Asks: 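Here it is: the structure, laid out below.
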Amino acid sequence: MGQRGFLLAFSAYSAVNSTSTHEPHAYALSRGLEPARLPRHVAVIMDGNGRWAVDRGQDRIFGHLRGADTVRTVTEECARLGIEQLTLYALSVENWKRPKPELDFLMALLKQYLADERPTLAKNDIRFAVIGRRAGLPDDVLAEIDDCTRFTAKHTGLRLCLAINYGGRTELVDAVRRLAAKAVRGEIDPEAIEERDVAASLYTAGMPEPDLLIRTAGEMRVSNYLLWQISYAELWVTPTRWPDFGIETLHEALKNYATRDRRFGGLTKPTPAC
Ligand code: FPP
């Protein structure tokens with residue numbers, strides 16, 4: 001092989017094997033993904049952990065344990081691809097109805113994950129964020145969330161956002177309370193409230209809206225997830241359960257997203273004037 005051939009082969013090899021986020025464009029192309037047609041923000045309802053475990057004769061918590069590995073895999077791949085934000089539904093406000101041992105396990109897993117993940121977040125330049133109600137979460141989990149947020153605050157790559165103790169309706173209630181309090185203080189005129197004021201009062205203030213919402217394990221519902229923000233998200237549901245969701249399935253979702261014609265209530269092509 002000549003020098004030019006070697007250099008070309010080496011650059012292709014680097015793009016495929018690199019774990020850094022410096023060349024997301026080349027990396028995406030090397031995976032058959034058109035960078036310009038990637039979503040800025042991917043949101044995921046990670047479902048099916050329990051069924052995955054029970055089908056294998058194991059306790060449901062093994063599904064969550066394996067699910068945490070999938071979180072790492074998908075997060076790193078989104079960072080490599082140059083996706084701006086990944087928002088994962090880790091615990092809903094409704095999930096508190098589950099048995100205490102499962103909830104205790106989920107809290108311990110979350111805390112462990114946040115402590116263990118820092119090298120991966122640093123290596124991939126990932127910023128960490130959380131949305132949801134703080135009230136109700138154990139103090140040690142809150143402390144770990146705050147440490148991880150601070151530790152990654154200066155990172156400029158993917159924003160990994162975990163929805164923890166999150167509910168779309170709860171978020172809207174909290175936003176209404178904030179706006180109402182401002183109105184009472186005379187800081188805002190109720191008649192002048194616009195969509196942007198509501199958006200700025202949500203937990204997700206300053207974040208882009210999801211372009212793609214992925215749901216695993218086949219259920220066709222949105223389960224109180226990002227109700228305001230997914231108004232124009234493209235939906236993609238797979239029967240694959242979260243512990244089995246991997247890079248290939250993520251690429252399948254992204255390739256499908258790339259085929260979507262997003263009209264946001266308008267028309268794709270100009271129609272002749274009537
Ligand atoms: C839904 O599956 C999953 C959850 C309620 C928890 C998600 C948690 C993880 C993926 C692991 C921990 C997360 C992080 C970020 C470390 P399910 O239990 O409802 O499954 P089922 O519908 O089959 O019962």
Side-chain angles (χ1 to χ4, degrees), residues 42-79 85-121 124 126-134 136-138 140-149 151-152 158-168 170 203 213-226 237-247 249-250:
V42 178
V44 186
I45 301 176
M46 311 183 285
D47 199 12
N49 291 349
R51 278 166 280 173
W52 182 91
V54 169
D55 277 1
R56 285 159 180 77
Q58 293 179 328
D59 192 278
R60 296 173 49 81
I61 64 168
F62 287 101
H64 297 315
L65 200 55
R66 186 61 84 85
D69 292 337
T70 307
V71 168
R72 184 175 305 111
T73 305
V74 169
T75 301
E76 284 201 281
E77 185 62 4
C78 285
Q85 180 160 337
L86 172 67
T87 302
L88 303 174
Y89 209 176
L91 189 83
S92 74
V93 289
E94 288 82 14
N95 286 151
W96 295 109
K97 295 174 198 155
R98 294 186 178 210
K100 189 170 179 320
E102 183 175 340
L103 290 167
D104 288 346
F105 181 83
L106 276 171
M107 286 300 130
L109 182 60
L110 205 51
K111 195 176 151 200
Q112 191 65 43
Y113 169 87
L114 293 175
D116 291 351
E117 264 341 79
R118 294 193 197 180
T120 309
L121 299 178
N124 292 286
I126 295 169
R127 248 182 318 168
F128 177 73
V130 162
I131 52 171
R133 265 196 188 159
R134 287 174 70 89
L137 289 174
D140 56 347
V141 172
L142 287 172
E144 208 62 65
I145 287 173
D146 292 341
D147 281 355
C148 199
T149 307
F151 175 76
T152 63
L158 173 77
R159 181 193 279 126
L160 169 64
C161 177
L162 295 186
I164 305 174
N165 196 20
Y166 176 86
T170 311
Y203 307 143
L213 172 63
I214 296 174
R215 180 164 190 144
T216 61
E219 250 49 272
M220 296 286 182
R221 52 179 173 261
V222 293
S223 299
N224 201 13
Y225 192 39
L226 300 170
V237 178
T238 174
T240 304
R241 291 163 181 181
W242 181 248
D244 285 331
F245 191 96
I247 289 176
T249 336
L250 175 67

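Indexing begins at 1, ligand by ligand and atom by atom, following the structure's order. Since we're looking at a predicted model, the values are computed, not measured.
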Asks: Could you tell me the residue and atom name of the protein heavy atom closest to atom 7 (C) of ligand 1, and the distance to it rounded to 0.1 Å?
Replies: A90 O, 3.6 Å
Asks: Tell me: protein heavy atom nearest atom 16 (C) of ligand 1, and distance?
Replies: Y113 CG, 3.5 Å
Asks: Checking T238 now: which residues fulfil side-chain contact (heavy atoms from CB on, under 4.5 Å) with it, not counting sequence neighbours?
Replies: T216, W236, T240, F245, T249
Asks: Suppose we measure from atom 13 (C) of ligand 1 to each protein heavy atom; which comes out shortest, and what is that distance?
Replies: V71 CG2, 4.3 Å
Asks: Checking side chain to side chain contact (heavy atoms under 4.5 Å, CB included) between I164 and each of V93, V130, L106, which is the one that passes?
Replies: V130
Asks: Could you tell me if the side chain of N224 sits less than 4.5 Å from the side chain of S92, heavy atoms only?
Replies: no
Asks: Show the atoms of ligand 1 that are less than 4.0 angstrom away from any heavy atom in N95.
Replies: 5 (C)
Asks: Among all protein heavy atoms in this structure, tell me which lies nearest to atom 4 (C) of ligand 1, with the distance rounded to 0.1 Å.
Replies: H64 CE1, 4.0 Å
Asks: Partners of R98 by salt bridge (Lys or Arg N to Asp or Glu O under 4.0 Å), sequence neighbours excluded?
Replies: E102
Asks: Do L91 and L103 have side-chain heavy atoms sitting under 4.5 Å apart?
Replies: yes
Asks: Please state which part of W242 comes within less than 4.0 Å of ligand 1, counting heavy atoms only: side chain, backbone, both or neither.
Replies: side chain
Asks: Report the part of V54 in contact with ligand 1, treating N, CA, C, O as backbone and CB onward as side chain, heavy atoms under 4.0 Å; options are side chain, backbone, both, neither.
Replies: neither
Asks: So which protein heavy atom does atom 8 (C) of ligand 1 come closest to, and at what separation?
Replies: N49 ND2, 3.8 Å
Asks: Which residue and non-hydrogen atom of the protein lie closest to atom 12 (C) of ligand 1, and at what distance in Å?
Replies: L109 CD2, 3.7 Å
Asks: Go through ligand 1 atom by atom and flag the ones less than 4.0 Å from a non-hydrogen atom of D47.
Replies: 1 (C), 2 (O), 17 (P), 19 (O), 20 (O), 21 (P), 22 (O)
Asks: Considering only protein heavy atoms, which is closest to atom 20 (O) of ligand 1, and at what distance to one decimal place?
Replies: G50 N, 3.0 Å
Asks: Tell me whether G48 reaches ligand 1 (any heavy atom closer than 4.0 angstrom to a ligand atom).
Replies: yes
Asks: Are any of the side-chain heavy atoms of I247 and T73 separated by less than 4.5 Å?
Replies: yes
Asks: Any sub-3.5 Å donor-acceptor pair from N124's side-chain atoms to I126's backbone N or O?
Replies: no
Asks: Is the number of heavy atoms from other residues, nucleotides or ligands within 6.0 Å of CZ (R118) greater than 12?
Replies: yes
Asks: Run the numbers for me: atoms of ligand 1, each under 4.0 Å from some heavy atom of R51, listed by number.
Replies: 21 (P), 22 (O), 23 (O)
Asks: Would you check if S223 and R215 make a side-chain contact, meaning some heavy-atom pair closer than 4.5 Å?
Replies: yes
Asks: Where the closest heavy atom to atom 24 (O) of ligand 1 is concerned, which of M46, R98, E219, R60 has it?
Replies: R60
